[in-house]
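Here's the structure we're looking at; comments come further down.
Just so you know, these numbers use all the heavy atoms, side chains as well, and skip hydrogens, waters and symmetry mates. The chains referred to below are lettered A, B, ... by the order of the sequence lines, with proteins before strands, and numbering in each begins at 1.
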Amino acid sequence: MENSDKKPILANLNAKQLKAVKVLSGPLLVLAGAGSGKTRVLTHRIANLMANNIPGGDILAVTFTNKAAKEMESRIHKILGQDFPHSAVSHFSLQGFSPKNPTVGTFHAICVRILRTDIESLETGLTKNFVIFDTDDTQKLIKLLMKEQGIDEKEFKFRAILSHISTAKNQLLTPQVYGKEAEPNRFTQVVKTLFPLYQKHLISHNALDFDDLLQKTVQIFEKSPEILEKYRKRWNHVLIDEYQDTNFAQYRLIRLLSDKHQNLCVVGDDHQSIYSFRGADFRNILDFEKDFPNAKTVKLEQNYRSTANILANANTLIGYNESGRKKNLWTHNEEGQKLIITEVFDEKDEGRFIADKINEIQYETNENLKNIAILYRMNAQSRALEESLMRNRIPYQIIGGVRFFDRKEIKDILAYLRLIFNPQDDIGFLRIINVPTRKIGAATIEILRKYAKHYTMSLFEILQTIDEIPELNETKKTVLKNFQKIILDLQKLVQTEPISILLDRLIDRIEFYKFLDDGSNEGEARIQNVKELFSVAGRYDSAENPIAAFLEGVALVSDLDRMENTDSVTLMTIHAAKGLEFPIVFLPGWEENIFPSSNAQHSLESLEEERRLGYVAITRAEKRCLISHARQRMLFGKRDYSAPSKFLSELDKECCEKSTTNHDMASAFSRGKTFSAKKYLATGSGAVSTPKKTSAASGSAFATFPKTPKTKKEALFGIVQNETEFAIGEKIIHREIGNGTIIQISGDILTVAFPGLGVKKIVASVEPIEKVEE
DNA sequence: TGTCTTTAGATTTTT
DNA sequence: TCTAAAGACA
């Protein structure tokens, strides 16, 4: 690297950061406040280890998300230049671990790779070809078992049972141990019945759920000292990011790997622990010095991200928590603007307020939209915001909600692949046996299941003996044999052909596009979604076992990994925003029972977790933070009055500014009328009538700005506008909005100032506007 | 058995 | 509001 003599590894670090980077061995705790350069320390420390002749392959770095893993790799690469071969780590590759490069990945991704090598040592019957069951699969399975056991679905919620099982697994409890230890009551009695059955079925399907990935790995390590030794030797240096969010299974895993060499560096901030619902326990980070008495501790307290005003608010808020280590986060950054707290009328008014503010900010500072984020407590809040942004023609991308890989058509195709890859997968079989429709219904399935159970074979395997099943007529047998043949034929291709060919043949054989195409826009969108799958699949063709890598990738990938760096506003939950930062952050919905959530009101612990979430939310902002709360809100089909969040009164009053959109009922009503008039516009504007459909139509998980086919608009509105006939400064009249002045032109998009209504972006060829001759 | 219609029920956060 | 399960009917 050109400036290697300047030691870039140790450059641009403050004294504390440098201290952490320079510790080359032994246990190290880095308490890193928000925005204090945590990732910087991690990456530079890895680079420094490598610069001190520790082979990259000796290093294991565990991150919380795949996105963070990728980010970390590219940053290490940047620091080390050629010293770090760019092939880097492929997160989903099944090839072993590289001797040259650090292993970077999430707990789940790393565990999968360990299991692909060593799971058979457990002698549970699980093989290297195991599939990963996602939430949807596990829900189906537990429902199935409940039916089988005659457990009343009304009395016992499958969700509650699943989450109970998950918690137990995260505590590394086996069904046997759970059965002994759980306090006896009606609910645990049910779980005691279902847990072992659930586990048994997973094994017989050759499947693991998310929690198994961790638990099985720990089991291997505890059972086979020689396997544990292999990984201990491989990873002489272990680094853990977001340590405050580790659960017991992960904690155990870390101890197993690093107790011997003690070269363990954990980084985190107990104030940012927000995943306790998933079993995370921030006491892990508080107890680190107890667990490792030789630990060195470095506190990073200088914040480089946010203005002093933003930081002051975050500090004051988190100060209301009793738990956690006291910290003194400070900054040299300028004071900046005050945090703005705005009272709005309802969720629509809130959407309008945010859209107007974005237009205003853009007009004033020409801020790139990718610097703006809207962070909310729950996905259900996004709809009103999306509608408003769409109406105002503000491009946005939405992370979360219905994930791309959760779409029905995608899951169906994946289920086919799963079955091809693993014929034991009954859940996959049940998903697709009648997709496309083959006239195989509940009755036929029941017969198959009876025989499968009797011969302890999987549903797919039982098709071999189909001729010996008297209950089925010839037509059914033919249909089932055809289905079997499709799967068997495609299985032959797995070894030789890339996934794209396999997908192509599959879609062809089952005439999937024909099945999806119902003539509607939604049908077209579904086809587009399936086609998008090809581009995703292409990335796995170079893996050793492409289909396994592909299935694994889609099981472990989150929407966050698909976040694009485009010129658009980002919408996501606060949880998803952890680890990210944005110059301008909107925080809507700071109302009691939304934030803090109604489910968090009953205990101090959960309320404190909500407060930490608030802390995370505010500290995402670099320059500006705009909080809003609505007087009433439509939620789950009901309109309710809502009190401002208690967190608002816990902010630093000196550093806040209150405002209101001042919309009483009447004005909100008239505004609503304007909305509906414009909604007609939005509805007609292309293939979309609701935000959700937009995301489908765009062919990805993102609801990107609808690129509207012009011809359709013209047909719909009978307006043919010449895009070039407008100029800055000209006056126009909008049929619905009124008179305005053009202040900016960007291609077909006009920025128009409407007196008294604010600045809006308008697509010239779409909206009913005309020039006003003066 | 599929499809259309109705109804009930659930909505925090996610690897 | 939206989804999934249940019911009615061809």
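Following rounding to the nearest Å, A:Y275 (OH) and B:dT13 (P) show an atom-to-atom distance of 11 Å. As a whole-Å value, the separation of A:F133 CZ from B:dT14 C1' is 19 Å. One interatomic measurement links the two molecules: CD of A:E386 to C1' of C:dT1, which rounds to 14 Å at whole-angstrom precision. Here the P atom of nucleotide B:dT15 and the NZ atom of A:K67 are 13 Å apart, to the nearest Å. Look at CG on A:N170: it is 10 Å from C1' on B:dT15, rounded to the nearest Å. Rounded to whole Å, the distance from CD on A:E552 to P on B:dT15 is 16 Å. Put simply, CZ on A:F210 is 12 Å from P on B:dT14, counting in whole angstrom units. Nucleotide B:dT13 holds its C1' atom 18 Å from the CZ atom of A:R611, rounded to whole Å.
If you check the side chains of A:R611 and A:Y615, you find no donor sitting under 3.5 Å from an acceptor. In this model, a donor atom of one side chain and an acceptor atom of the other lie less than 3.5 Å apart for A:N284 and A:T246. Side-chain contact check for A:Y231 and A:D118: at least one donor-acceptor pair (N or O, by modelled atom type) lies under 3.5 Å. Remark: the A:E471 side chain and the A:Y451 side chain contain an N/O donor-acceptor pair separated by less than 3.5 Å. A:D209 and A:Y198 are linked by a side-chain donor-acceptor pair at a separation below 3.5 angstrom, with hydrogens and angles left out of the test.
Under the 3.5 Å distance criterion, the side-chain polar atoms of A:E610 are matched with a main-chain donor or acceptor of A:S597.
Atom NZ of A:K477 has more than 12 heavy atoms from other residues, nucleotides or ligands within 6.0 Å.
Within the nucleic acid shown, A:K578 has no heavy atom closer than 4.0 Å to any nucleic acid atom. Residue A:T444 is classed as a sugar-phosphate contact, given heavy-atom separations below 4.0 Å to backbone atoms only. Contact annotation for A:I440: backbone-only contact, meaning every heavy-atom pair under 4.0 Å involves sugar-phosphate atoms and none involves a base. Within 4.0 Å of A:N434, counting heavy atoms only, lie sugar-phosphate atoms of the nucleic acid but no base atom.
Residues meeting the ring-ring contact (aromatic ring centres under 6.0 Å, His included) test with A:F483, sequence neighbours left out: A:F429.
Only the C1' atoms considered, C:dA4 is 22 Å distant from B:dT13, to the nearest whole Å.
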Inset, instruction - Quick one, give me the B/S/- string for nucleotides 5-10 of chain C, reading 5' to 3', where B means a protein heavy atom under 4.0 Å from the base and S means that only happens at the primed atoms, P, OP1 or OP2. - result: S-----
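Distance from the side chain of A:T573 is smallest to B:dT13 among B:dT13, B:dG2, C:dC2. Closest contact between the side chain of A:A443 and the listed nucleotides B:dT1, B:dT3, B:dT15 involves B:dT1.
A residue-by-residue look at A:R438 and A:A576 shows that A:R438 has its nearest nucleotide of DNA chain B further toward the 5' end.
In this structure the side chain of A:S645 never reaches within 4.5 angstrom of the side chain of A:H629, judged on heavy atoms.
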Look for any protein N or O under 3.5 Å of an N or O in nucleotides 5-12 of chain B and output each such pair with its distance, or none.
from	atom 1	to	atom 2	distance (Å)
B:dA10	OP1	A:K157	NZ	3.3
B:dT11	OP2	A:R159	NE	2.3
B:dT12	O2	A:R377	NH1	2.8
B:dT12	O2	A:R377	NH2	2.1

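Checked against the 6.0 Å centroid threshold, A:H575 and A:F277 count as a close aromatic pair.
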